Amino acid sequence: MVTKQFGGSPEEADLRRADSLAREIFSDVANKWALLIIEVLGERTLRFSELRGEIEGISHKMLTQNLRMLERNGLVYRRVHPVVPPRVEYTLTEPGRALRVTIDGMCDWTHRYLGHIEASRHRFDA
């Protein structure tokens with residue numbers, strides 16, 4: 001494997017690394033399931049089955065994959081209680097709650113401009 005050498009300053013390398021990480025995180029969380037999971041968790045702690053019950057249409061596999069991704073990125077905390085059968089709960093971390101503020105803003109934007117968007121789609125599709 002051949003890697004390209006970066007000839008810039010350490011500050012530029014740090015900015016490139018941060019930009020690359022930001023793109024990776026955006027790619028991870030900018031999907032409908034991740035956004036819905038963050039929105040549904042809100043300020044609550046929920047079990048897997050409770051989350052699945054509140055997110056219409058999500059499969060067991062997609063919920064599992066997205067919860068793992070959100071946990072990996074430090075947005076969701078997974079707590080396993082040492083009981084039989086195991087009880088697992090999920091809650092948003094501080095960064096997850098901060099991201100939820102942005103998601104709430106996107107939801108507010110959608111509600112505010114829903115009529116405009118629907119009318120525009122209707123005109124375009126006609």
Side-chain angles (χ1 to χ4, degrees):
M1 177 176 175
V2 178
T3 58
K4 184 178 177 184
Q5 293 292 326
F6 178 73
S9 69
E11 293 82 16
E12 288 176 299
D14 287 344
L15 286 174
R16 285 181 184 244
R17 192 174 307 111
D19 188 46
S20 176
L21 180 59
R23 281 194 306 272
E24 184 181 325
I25 292 168
F26 292 154
S27 176
D28 281 350
V29 300
N31 75 70
K32 69 179 179 180
W33 299 125
L35 296 175
L36 286 171
I37 291 166
I38 291 168
E39 185 63 24
V40 166
L41 275 174
E43 298 296 323
R44 304 181 294 170
T45 297
L46 296 173
R47 296 177 69 176
F48 185 93
S49 59
E50 293 170 323
L51 265 171
R52 186 157 181 222
E54 290 204 28
I55 302 173
E56 186 177 329
I58 193 166
S59 68
H60 186 280
K61 178 182 176 181
M62 289 311 298
L63 181 55
T64 299
Q65 287 176 349
N66 277 275
L67 283 169
R68 286 180 181 166
M69 174 274 297
L70 292 168
E71 183 182 9
R72 179 177 182 261
N73 284 307
L75 303 174
V76 167
Y77 174 71
R78 178 178 180 262
R79 181 174 182 196
V80 180
H81 296 273
V83 295
V84 177
R87 191 174 97 221
V88 182
E89 297 175 329
Y90 298 90
T91 190
L92 292 178
T93 61
E94 181 182 340
R97 289 189 303 274
L99 179 57
R100 184 169 176 257
V101 171
T102 301
I103 294 169
D104 286 345
M106 291 170 59
C107 291
D108 292 344
W109 174 87
T110 303
H111 293 136
R112 182 174 180 186
Y113 292 104
L114 183 61
H116 173 82
I117 293 166
E118 286 178 329
S120 181
R121 287 180 173 186
H122 181 71
R123 283 190 308 274
F124 183 87
D125 293 343

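Treat the numbers as computed from the prediction; the structure is a model and nothing was measured.
Between W109 and Y113, the ring planes are tilted. Angles from 30° to 60° get that label.
Taking 4.5 Å as the limit, every side-chain heavy atom of F48 sits out of range of all side-chain heavy atoms of V88. Within the 4.5 Å cutoff, no side-chain heavy atoms of L36 are placed close to those of N66. Counting only heavy atoms from C-beta outward, the side chains of V29 and L70 approach each other to under 4.5 Å.
Annotation: side chain to side chain contact (heavy atoms under 4.5 Å, CB included) contacts of R112 (sequence neighbours excluded): none. Applying the side chain to side chain contact (heavy atoms under 4.5 Å, CB included) rule to V101 yields no partners; only residues at least two apart in sequence or on another chain are considered.
Across all non-hydrogen atoms, the minimal contact from P95 to G74 is CG-O, 4.0 Å. Of all non-hydrogen atoms in W33 and M62, the two that sit nearest each other are CD1-CE, 3.8 Å. The two residues D28 and M69 have their closest heavy-atom pair at O-CE, 3.2 Å.
Under the 4.5 Å side-chain heavy-atom criterion for grouping Ile, Leu, Val, Met, Phe, Trp and Tyr, V76 is connected to V80 within one hydrophobic cluster.
Counting only distance, with no hydrogens or angles, the side chain of S120 and the backbone of H116 share no donor-acceptor pair below 3.5 Å.
Other residues sharing the hydrophobic cluster of Y77, ordered by chain and number and joined by side-chain separations under 4.5 Å: none, the residue standing alone.
Atom OG1 of residue T45 and atom CD of residue E50 lie 9.5 Å apart, to the nearest 0.5 angstrom. Atom OG in S49 sits 11.0 Å away from atom CZ in R87 (nearest 0.5 Å). Between atom CZ of residue R100 and atom CD1 of residue I37 there is a gap of 14.0 Å, rounded to the nearest 0.5 Å.
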